[in-house]
Amino acid sequence: MKKVGFFRSIHLKFVLVYVLLILIAMQIIGVYFVRQLEETLLRNFKTSLQERVNLLEYNLEEEMLNKEERTKEEPSLDDAVRKILRDFVAPDISEVRVIENGSLRIIGTSDSENQGIVGLKTTELLVRRTFVRGSESSDILVNQQTGERFWVLATPIKADGEVLGAIYVVSKIETVYSQMKMINNILASGTAMAMIITAILGILLAQTITRPISDMRKQALAMTKGNFSRKVKVYGYDEIGQLAITFNNLTKKLQEAQATTEGERRKLSSVLSYMTDGVIATDRKGRVILINEPAAKMLDVSRETVLSNSIVSLLGLDEEYTFEDLLEERDSVILDYSTQKRPYILRANFSVIQKETGFVNGLITVLHDITEQEKIDMERREFVANVSHELRTPLTTMRSYLEALAEGAWKDEDIAPNFLEVTQNETERMIRLVNDLLQLSKMDSKDYRLTKEWINFIEFYHRIIDRFEFTKQQSVVFERSLPDETIFVEMDEDKLTQVLDNIISNALKYSPEGGKIKFLVDIQEQQIVVSVSDQGVGIPKDNLDKIFDRFYRVDKARTRKLGGTGLGLAIAKEMVEAHGGEIWAKSKEGKGTQVFFSLPYVQAEEDDWS
């Protein structure tokens, strides 16, 4: 898993949130505090100034009421006002002017450097507004050069409801804003210090939360790699500590569950590996998620390449079935992969994997190789058909001739002997067929035993050839290529006599007039190879492997005409294999056939016989 970056970590987020909460709280408190403090300071400043202006108003009112009654010895109104203003000194007042009503003449100012305006007419709008309204007016102005703010107050001087004049005061209110600026700086510094302390405390607090979470993350990563032995450290017994304890319990449960699952998986894997049947599992979309080795061999595919492929395509059922059809299929499906060279048939059984809710979670397919079973069934059906046919033909012939004899043909001295001869031949043919069938039946049974003796095979072989050479009716030449040495083989003489009889009889049947039959014996290290070759019509290449099957004939019409049952070579094969040997044939059409069979031979035994 990718490591969490610093700017994405919950540690930083927690500290930032904590700091932002403190900052927002401080800002809200600061704004409310500063605003209230500013209003209070301004109000106190104005109240203090108005109280002094009221006192000044009282003194000036007395002087202005006595204006007409003054004697020459008493100072004039301007001098009296100048004297009062000279005594009216305050650090937060820049200038105080007194203006007479009516003429709007400035009769006094407290600014010693601005005495030149005394006697001049005022131009201040606040003063004019005060005279018009008869009430005080105030405003905050800004010095364009210095940028300092000052508060201007115009208060009427009244006596018995009559406005005698006005007091125009210019106060230094910038001192209040300077104090507010200093307070703001102090508040900002305090906020910064509080944020730094909060950040430090937030880091420490975040560590107490993120450290267990980080440990649990590391444990989760270890669990994804299969390591369940690691435990999360418990730092306390609060909610996070309880979470860590629960996480450790979960780890233990997962470890136990994984051990159980792994055990079951190994059992399933072992079962699937040692099953002779093929097993294929799919997901809910029909894609292969599991295939055992027998199934891969049956389908001749690689286990790695078929994963995630469609089960329908894998089995070659695209044209006949969909995956939904297979989910509903209750019967076995026969998969025929036979070729011209060999038969190959599989039977597929399907089982749906369902959850408890009935939701389809996949499909299990079990494959059985039924090639041999089908082959046995086919051979059984063919065997029954062949036996039926072989018995029906002579029986039909016998019935026809017997019916003819019963109808009076026995009275005819010319026809009757021929009919009886045919009937006798067909009877002998059925007896041979039944005997061959009994012979094969005995050899197929488990109780079949050979009576083996040590026989000089070369002498035995010469004796068989002599018998056929003496009794043969065709002008066929026998050519022997047998070693002069003595070869003792442990064998059942009667059974191998029957083998050679069948092979030599076939060679004589298919040899043309004037043809040649060769008899060979090849001595090898652990076996001897006996062969009989003729110069007959030969056997087609496609039929060569089938001549040892029961009832198989290359030329059925000719074989029946010559009295064959189609079981001679099948019996020979069974007897040779019972001796531990093999039998096979080579042939070229139009040039002849050569039949071979091998017998076990141990050369070390020669000394004992000699």
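Predicted model only: the values in this text are computed from it and were never measured.
Looking at heavy atoms from C-beta onward, T130 lies out of side-chain contact with Y168 at the 4.5 angstrom threshold. Proximity of T47 to R43: side-chain heavy atoms (C-beta onward) are separated by under 4.5 Å at one or more points. Annotation: side chain of R97 is not in contact with side chain of I167 (no heavy-atom distance under 4.5 Å). For the pair N349 and T365, the minimum side-chain heavy-atom distance is 4.5 Å or more. Side-chain atoms of N114 and I117, non-hydrogen and from C-beta on, do get closer than 4.5 Å to each other.
In this structure, the separation between CD1 on I106 and CG on L120 is 6.0 Å, given to the nearest 0.5 Å. The structure places CD1 of I291 at 10.0 Å from CE of M298, a figure rounded to the nearest 0.5 Å. Taking CG of L315 as the reference point, atom CG of L335 lies at 5.5 Å (rounded to 0.5 Å).
Annotation for N249: atom CG counts as buried by contact number, over 12 foreign heavy atoms lying within 6.0 Å. Summarising the local packing, NZ of K121 is surrounded by 12 or fewer heavy atoms from other residues, nucleotides or ligands at distances under 6.0 Å. Applying the 6.0 Å contact sphere to CD of Q115 captures more than 12 heavy atoms from other residues, nucleotides or ligands.
Stacking of R35 on the aromatic ring of Y32 is not recorded, the 6.0 Å distance cut-off and the 45° axial limit not both being met.
Under the ring-ring contact (aromatic ring centres under 6.0 Å, His included) criterion, W151 pairs with no residue at all, not counting sequence neighbours. Listed by chain and number, the residues in a salt bridge (charged side-chain N to carboxylate O under 4.0 Å, His left out) with R330 amount to none (sequence neighbours excluded).
The side-chain hydrogen bond (donor to acceptor under 3.5 Å, both in side chains) pairs that include a residue from residues 312-321 are S313-D318, where partners are two or more places apart or lie in different chains. Residues in residues 145-158 take part in these salt bridge (Lys or Arg N to Asp or Glu O under 4.0 Å) pairs, two or more places apart or across chains: R149-E174. Residue pairs meeting the salt bridge (Lys or Arg N to Asp or Glu O under 4.0 Å) criterion with at least one partner in residues 275-289, sequence neighbours excluded, are D283-R287. Pairs of residues two or more places apart, or lying in two chains, never qualify as side-chain hydrogen bond (donor to acceptor under 3.5 Å, both in side chains) while including a residue from residues 189-199.
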For the pair L317 and L326, evaluate side chain to side chain contact (heavy atoms under 4.5 Å, CB included) and give the outcome as yes or no after the intermediate values.
CA-CA 10 Å; L317 300 174; L326 295 183; 4.2 Å; yes

Could you please spell out the steps behind the side-chain hydrogen bond (donor to acceptor under 3.5 Å, both in side chains) verdict for D325 and T322?
CA-CA 5 Å; D325 295 334; T322 64; 3.1 Å; yes

